[in-house]
Protein chains: 2
Amino acid sequence: MSRKPMVRPGGRSARVQEAVHAAVRELLAEVGRERLTVPMVASRAGVTPSTVYRRWGDLQELLSDVAVEHLRPETEPDDHGALPADMTAWAEQFIDEMSSPAGRAYIRDALLGDPDGSNAGQCSTYAAEQIDVIIARAAERGETVPELETVIDAVVAPIMYRILFRPTELDAPYARRLVASVLGGRQSAASQRRQRLIG
Amino acid sequence: MSRKPMVRPGGRSARVQEAVHAAVRELLAEVGRERLTVPMVASRAGVTPSTVYRRWGDLQELLSDVAVEHLRPETEPDDHGALPADMTAWAEQFIDEMSSPAGRAYIRDALLGDPDGSNAGQCSTYAAEQIDVIIARAAERGETVPELETVIDAVVAPIMYRILFRPTELDAPYARRLVASVLGGRQSAASQRRQRLIG
DNA sequence: CTCTTAACGCAATGGGTTTGCGTTTATGGA
DNA sequence: TCCATAAACGCAAACCCATTGCGTTAAGAG
């Protein structure tokens, strides 16, 4: 039942797509998610509501599209020269971006207008790709590295669980403990004690 | 801005609450989530739509209420006489109930119509209480037990993450691996350190 | 340039949402 | 038991979002 069987890539269609997405981003910041309506978006974008309904189906699917686009990482993870530093920095940035009210709203929107789970799967893929880069870089350096799935289970999943279900129990020290737990065996004893004291 | 400042516990209010909740459960099974509307629920419950709007605000909040009520465990976890068996059985049952399309829909509804996060927090509390019972029982037997927070991070969070973001990567053997990794015996070196580090 | 058809705008219709107002009733106190 | 207060509800009108038929525009192909 997808509303976009073959989107024309250029000309008017492209301008409408960009104008509508921009209107959603602007209005989300101005009036918030609660007051947002399709006619409001259409008016800001300079199109009629029926155009939005025909291309996106409803407000939820439009918001899901915008949310996934917003959640896509724009750059590769920073390179700090060592796996623990890379992964800790990534986890802290992940929390910064996702645990804010705006970030939680984007995650919720991505989950909401997503009947087949493809948008949610895309979000998971983004995180996996970022971590895969970090792991591959560490392996290139000769460091012993954990499995990607292990990191997802031990770092990404607990963070996302707290973002969604326990938003008050989330901070940077928690991220450092998670990273330390999954890398602990490969760290020096001094580094382990340092992590424990910091956390 | 809460729609329920002080809900009257008895009499007509209680009857309306029960009738509306029952109507939602029936209509969810009959027409599905997509076709469900507030006037439809109100008609089935024998009340006017304005009553529903005034008490719950909108359809999402009503669905969130019903979902949390549905996700509440009705019994204590089964007692198999040992911590690994108890926790494995609980994790497998958790997956059974939550990973079905209906279960995922309930979780999604609980998250989405939940502006202040209290309903989502309640869901997390339910799981924590169940695990706490299992841990307390094991401690009573004299078994060495992990911290509650450790189990939530290592078992509950990965399962929930997959339910929401990667529903195809979830099965009973995965649950057994998660439980095995967090418990003693043949646990991994990483999870041994996790028990010491997180607390 | 011409043809085809996807994409868009316009306008009317339907129905979900919201709100003012009067009535009912749960709750606490005399 | 009776009364006072205010919450909860029903009714109905008004509002506006969602939906759809139809004519027009313009992107892409030959």
Side-chain angles (χ1 to χ4, degrees), chain A residues 1-24 26-28 30-66 69 109 112-115, chain B residues 1-24 26-28 30-66 69 109 112-115:
Chain A
M1 237 357 173
S2 179
R3 290 304 197 287
K4 332 153 231 181
M6 37 184 70
V7 179
R8 292 187 175 184
R12 181 172 61 173
S13 293
R15 287 195 302 273
V16 168
Q17 158 117 7
E18 181 50 40
V20 169
H21 275 227
V24 169
E26 294 170 15
L27 289 169
L28 274 180
E30 293 178 17
V31 306
R33 170 71 174 80
E34 294 300 312
R35 305 287 179 185
L36 193 67
T37 65
V38 170
M40 201 184 300
V41 172
S43 174
R44 174 68 62 98
V47 300
T48 60
S50 62
T51 295
V52 177
Y53 286 116
R54 280 192 226 272
R55 278 190 64 161
W56 284 275
D58 58 15
L59 181 62
Q60 288 182 356
E61 284 189 45
L62 173 58
L63 285 174
S64 188
D65 265 17
V66 175
E69 187 180 310
D109 287 337
L112 172 62
D114 190 25
Chain B
M1 202 73 163
S2 178
R3 293 302 198 289
K4 329 154 236 190
M6 38 184 69
V7 179
R8 292 187 175 183
R12 181 173 61 172
S13 294
R15 285 195 303 274
V16 168
Q17 157 118 7
E18 180 49 37
V20 169
H21 275 222
V24 169
E26 294 170 14
L27 290 169
L28 274 181
E30 292 177 19
V31 307
R33 169 74 171 79
E34 295 299 311
R35 306 287 179 183
L36 193 67
T37 65
V38 170
M40 200 183 302
V41 172
S43 174
R44 174 68 63 99
V47 300
T48 59
S50 63
T51 295
V52 177
Y53 285 116
R54 278 191 230 270
R55 276 191 68 161
W56 284 277
D58 58 16
L59 182 61
Q60 278 192 0
E61 284 190 45
L62 172 58
L63 285 173
S64 186
D65 265 18
V66 174
E69 188 179 308
D109 288 337
L112 293 173
D114 190 23

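Computed from a prediction, not measured in an experiment: that's the story for all the values here. Residue numbering restarts at 1 for every chain, and letters A, B, ... go by the order of the sequence lines.
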Rounded distance (Å) that lies between atom [atom2] of [N] and atom [atom1] of [X]:
X	N	atom1	atom2	value
A/Arg55	D/dT20	CZ	C1'	19 Å
A/Asp58	D/dT19	CG	P	7 Å
A/Gln17	C/dC8	CD	P	9 Å
A/Leu36	D/dC16	CG	C1'	15 Å
A/Arg35	D/dC17	CZ	P	12 Å
B/Glu18	D/dC9	CD	C1'	18 Å

Original post:
Closest to the A/Thr48 side chain: C/dG16, D/dG10, C/dG9?
Top reply: C/dG9
Subject >> Contacts of type salt bridge (charged side-chain N to carboxylate O under 4.0 Å, His left out), residue A/Arg44, not counting sequence neighbours >> reply: A/Glu26, A/Glu30
Subject >> DNA chain C contacts among residues 40-47 of chain B, heavy-atom distance under 4.0 Å >> reply: none
Sequence-distant partners of [X], side-chain contact (heavy atoms from CB on, under 4.5 Å), two or more places apart:
X	result
B/Thr37	B/Pro39, B/Met40
B/Thr48	B/Ser50, B/Thr51
B/Ala42	B/Val47, B/Pro49, B/Val52

With side chains defined as the heavy atoms from C-beta onward, is the minimum distance between [X] and [Y] less than 4.5 Å?
X	Y	result
B/Val16	B/Arg55	yes
B/Arg15	B/Val20	no
B/Leu63	B/Trp56	no
B/Leu59	B/Leu36	yes

Original post:
If every non-hydrogen atom of B/Val41 is compared with every non-hydrogen atom of B/Leu27, which pair is closest and at what distance?
Top reply: CA-CD1, 3.7 Å
Subject >> Any B/Thr51 side-chain nitrogen or oxygen under 4.0 Å from OP1 or OP2 of D/dC9 >> reply: no
All N/O pairs under 3.5 Å across the protein-nucleotides 21-25 of chain D interface:
unit_1, atom_1, unit_2, atom_2, d
D/dG21, O6, A/Arg54, NH2, 2.3
D/dT25, O2, A/Arg12, NH2, 3.2

